[in-house]
Protein chains: 2
Amino acid sequence: MTETTSPPTLEMVAAVAGVSRSTVSRVVNESPKVTPEAVAAVNAAISKLGYVPNRVARSLASRRTFSIALVIPETTARFFADPFFASVVQGAAFHLAKTEYTLTLLISSETDPEKTRRYLQGGNVDGALILSHHTDDRSYSELAGRLPVVFGGRPMSQEGEDAYVVDADNRAAAEQATRHLIGRGRTRIAHIAGRPNMGASVDRLDGWRRALNAAGLASDLVEGGDFTPHGGADAMRRLLERDPGLDAVFAASDQMASGALAVLKERGLRVPADVAVVGFDNNDFARSSTPPLTTVEQPPTAQGAKMAEVLVRLIEGEEVEHFTLLETRLIVRESS
Amino acid sequence: MTETTSPPTLEMVAAVAGVSRSTVSRVVNESPKVTPEAVAAVNAAISKLGYVPNRVARSLASRRTFSIALVIPETTARFFADPFFASVVQGAAFHLAKTEYTLTLLISSETDPEKTRRYLQGGNVDGALILSHHTDDRSYSELAGRLPVVFGGRPMSQEGEDAYVVDADNRAAAEQATRHLIGRGRTRIAHIAGRPNMGASVDRLDGWRRALNAAGLASDLVEGGDFTPHGGADAMRRLLERDPGLDAVFAASDQMASGALAVLKERGLRVPADVAVVGFDNNDFARSSTPPLTTVEQPPTAQGAKMAEVLVRLIEGEEVEHFTLLETRLIVRESS
DNA sequence: TTGTAGGCGTTATCAA
DNA sequence: TTGATAACGCCTACAA
């Protein structure tokens, strides 16, 4: 049985109820200006026929789809391997469940970014949530002008004022992490920065510097990594060359911190006795390194929910702030 | 800048290209019957205007959406906690990437099954993939008559001939697992069955029985569990009461097997020395139990891919087999 | 090969 | 409050 019988239309409901299509439409859309009798007749007809509004036709006429896309610019495999994504999706889905919007997950496999773009621009959705975690992928930045779009994760810093962004409060988090180090009595606190073209890197560097300046400490010990353990290790070596007596390192990612940890061990420096280390992300690298890393936890679920909220408000035409900063939490472990 | 400028239409392209809308439509849909000049003119106009077809309008007119839904009747949290789901999605997405179809993930939170149903019946998708893992949820079975639907996971056995199902070959897998036990020299092999109202349970019980019968062994030692560790423990107790000398147990799920393991340890029986244990699923319960469980691995990625393939063929009007059985793999660990 | 015209199922705009 | 009637953007016979 594949006989998918063609579904009843609004017009058929109108016929059965003995009213016009307009009236049926009004009832379906809960317009207040309909007599109770008409409402009753229409509802009776609806349940008699098992009528379900055709959302496609509705979309075409009203120019609204009530569905929004969550675009994940990663391969499916990587997406599911990363708990960060899962949590963001969860947060978004949870928020959207309270609204009339439906979430469509678009996993844009690298093979066909075009398909995704056509889908997004083709009027299928009222807006899009775009995750750009650990990536400076700007392939979707142009979309922002054609469709309400909210970026999440760690987007470009530049990219103009027209973008809406929900992100962790990197600056405040970095400041807090650095203050934590200062509070532990450290005075030569170095920083391993992320890629300079990413907003997150800049903000974290900035937060680190602020905390040091506020404490009257020097903020000269910076070396750049690339968010990988290897990059972190290289940066650590350069830092030790510049100042063998440094007593703390704040890395802009757990992966870089773990690279730094390896170098410190290789040099016979004890963590945290000789050098305290703090990372950023609170991912598996932080939990499973030796010693476990003190790090900054980002709230992915909250981020997903907030992204959805911002997008919905945007779609509904509300004034929305371009930047929404999420609070982070310092998780103190044995490395500091 | 939220000025979402209204996008160019097919009609505008026609005007610029100096042809009729039909011709533009033909070019867009790659109809062979268009002169090269026309094609060139239209394509020029398209890229000049940045035209992207409105899929909603196209859907309304053609009654095709080229998108299919993957319905997950679980909460978002549970969905992401279960690697089984993730893999199925991955498989489906991977297969669909090769087609012109788009995958829409519908996480039907238990709060609003109605929203999901309306979405599915509202003409938003050409078909649906429905996962009913560990669940005898029949809330979507009615959909099958109104929309091409493929069920996956462990669906009802009954439910009529009109359903399309892709599932692991439970019977063969159970048979193989039991033969493995027989091969290890076991002769009193018990079975802890799953809920009797689930097709998977019935098939596994059947496979177990077949293997025993073929070997000339008795197949009387069956007790039912409910797919939980607790249920498995209770069943194990009953089995030991009935035959304290049993030397092997095949459980219809890893969770039940882990419950059985606990009871065996409690009774001072060694695994596998005294009693060999085999589970089903190859999930975390199997890997992290003591000893690690020999179990049956189901191929969730393959299942997702196969489900997508079957659905697409169904949508395209091909003849498709109602049941597709996936091969499984026995993973031998220390419990047997 | 190309164009014309009608229709897909709703919503929206006016009159009535 | 209700009902014609015209969009919405595209597809598709059918005709030319």
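- Of all heavy-atom pairs between A:Lys306 and A:Thr324, the closest is CE-CG2, 3.4 Å.
- Remark: C1' of C:dT2 and CD of B:Glu37 are 13 Å apart, rounded to the nearest angstrom.
- Taking the screw axis at each terminus of the helix from C:dT1-D:dA16 to C:dA16-D:dT1 from five consecutive base pairs, the angle between the two is 40° to within rounding of 10 degrees.
- Judged by distance alone, with hydrogens and angles left aside, the side-chain atoms of A:Asp126 form no donor-acceptor pair with the main-chain N or O of A:Arg64 at under 3.5 Å.
- Separating the CG atom of A:Leu60 from the P atom of C:dG9 is a distance of 12 Å, rounded to the nearest angstrom.
- The neighbour count for B:Glu318 CD, taken as heavy atoms of other residues, nucleotides or ligands under 6.0 Å away, is above 12.
- Aromatic ring pairs are classed by plane angle as parallel below 30°, tilted from 30° to 60° and perpendicular above 60°; the pair B:His322 and B:Tyr164 is parallel.
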Show me the donor-acceptor pairs within less than 3.5 Å that the side chains of residues 10-23 of chain B make with the rest of the protein, sequence neighbours left out.
| from | atom 1 | to | atom 2 | distance (Å) |
| --- | --- | --- | --- | --- |
| B:Ser20 | OG | B:Ser22 | N | 3.4 |
| B:Ser20 | OG | B:Thr23 | N | 3.4 |
| B:Ser20 | OG | B:Thr23 | OG1 | 3.4 |

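- Between the P atom of C:dT4 and the CG atom of B:Leu10 lies a distance of 14 Å, rounded to the nearest Å.
- Nucleotides of DNA chain D with any atom under 4.0 Å from a heavy atom of chain B span, from 5' to 3', D:dG9 to D:dA13.
- Between A:Leu129 and A:Met307, the shortest heavy-atom distance links the atoms CD1-O, 3.7 Å.
- If you check residues 17-27 of chain B against DNA chain D, the residues with a heavy atom closer than 4.0 Å are B:Arg21, B:Ser22, B:Ser25, B:Arg26, listed by number.
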ask   = Passes side-chain contact (heavy atoms from CB on, under 4.5 Å), B:Leu96 versus B:Ile68? Steps please.
value = CA-CA 9 Å; B:Leu96 255 22; B:Ile68 79 179; 3.4 Å; yes
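- No donor-acceptor distance shorter than 3.5 angstrom exists from the side chain of B:Asn124 to the backbone of B:Leu120, with no hydrogens or angles considered.
- Partners of A:Tyr51 by side chain to side chain donor-acceptor pair (under 3.5 Å), not counting sequence neighbours: none found.
- In this structure, B:Thr35 and A:Thr9 both approach DNA chain C, and ranking their closest nucleotides by distance from the 5' end singles out B:Thr35.
- Counting non-hydrogen atoms of neighbouring residues, nucleotides and ligands closer than 6.0 angstrom, the CD atom of B:Glu30 reaches no more than 12 such neighbours.
- Heavy atoms only, all atoms of each residue included: A:Val310 and A:Val320 are closest at CG1-CG1, 3.5 Å.
- Atom CE of A:Met12 and atom P of C:dC8 are 12 Å apart (whole Å).
- Electrostatic pairing of B:Glu100 and A:Arg118 does not count as a salt bridge here, judged by no charged N lying under 4.0 Å from a carboxylate O.
- Listed by residue number, the members of residues 39-50 of chain A with any heavy atom below 4.0 angstrom from DNA chain D form an empty set.
- B:Asn124 has its CG atom 13 Å from the C1' atom of C:dG9, to the nearest Å.
- B:Asn54 places no side-chain N or O within 3.5 Å of a backbone atom of A:Gly123 that could act as its donor or acceptor partner.
- Contact check, A:Arg58 against C:dT11: a side-chain N or O comes under 4.0 Å of OP1 or OP2.
- Listed pair B:Arg63 / C:dG9 meets the phosphate criterion, a side-chain N or O lying under 4.0 Å from OP1 or OP2.
- At C:dC8, none of the side-chain N or O atoms of A:Asn54 fall inside 4.0 Å of OP1 or OP2 (strictly under the cut-off).
- Using modelled atom types, no side-chain atom of A:Arg58 and backbone atom of A:Pro53 make a donor-acceptor pair closer than 3.5 Å.
- As rounded to whole Å, 11 Å separates atom P of C:dT4 from atom CD of B:Glu11.
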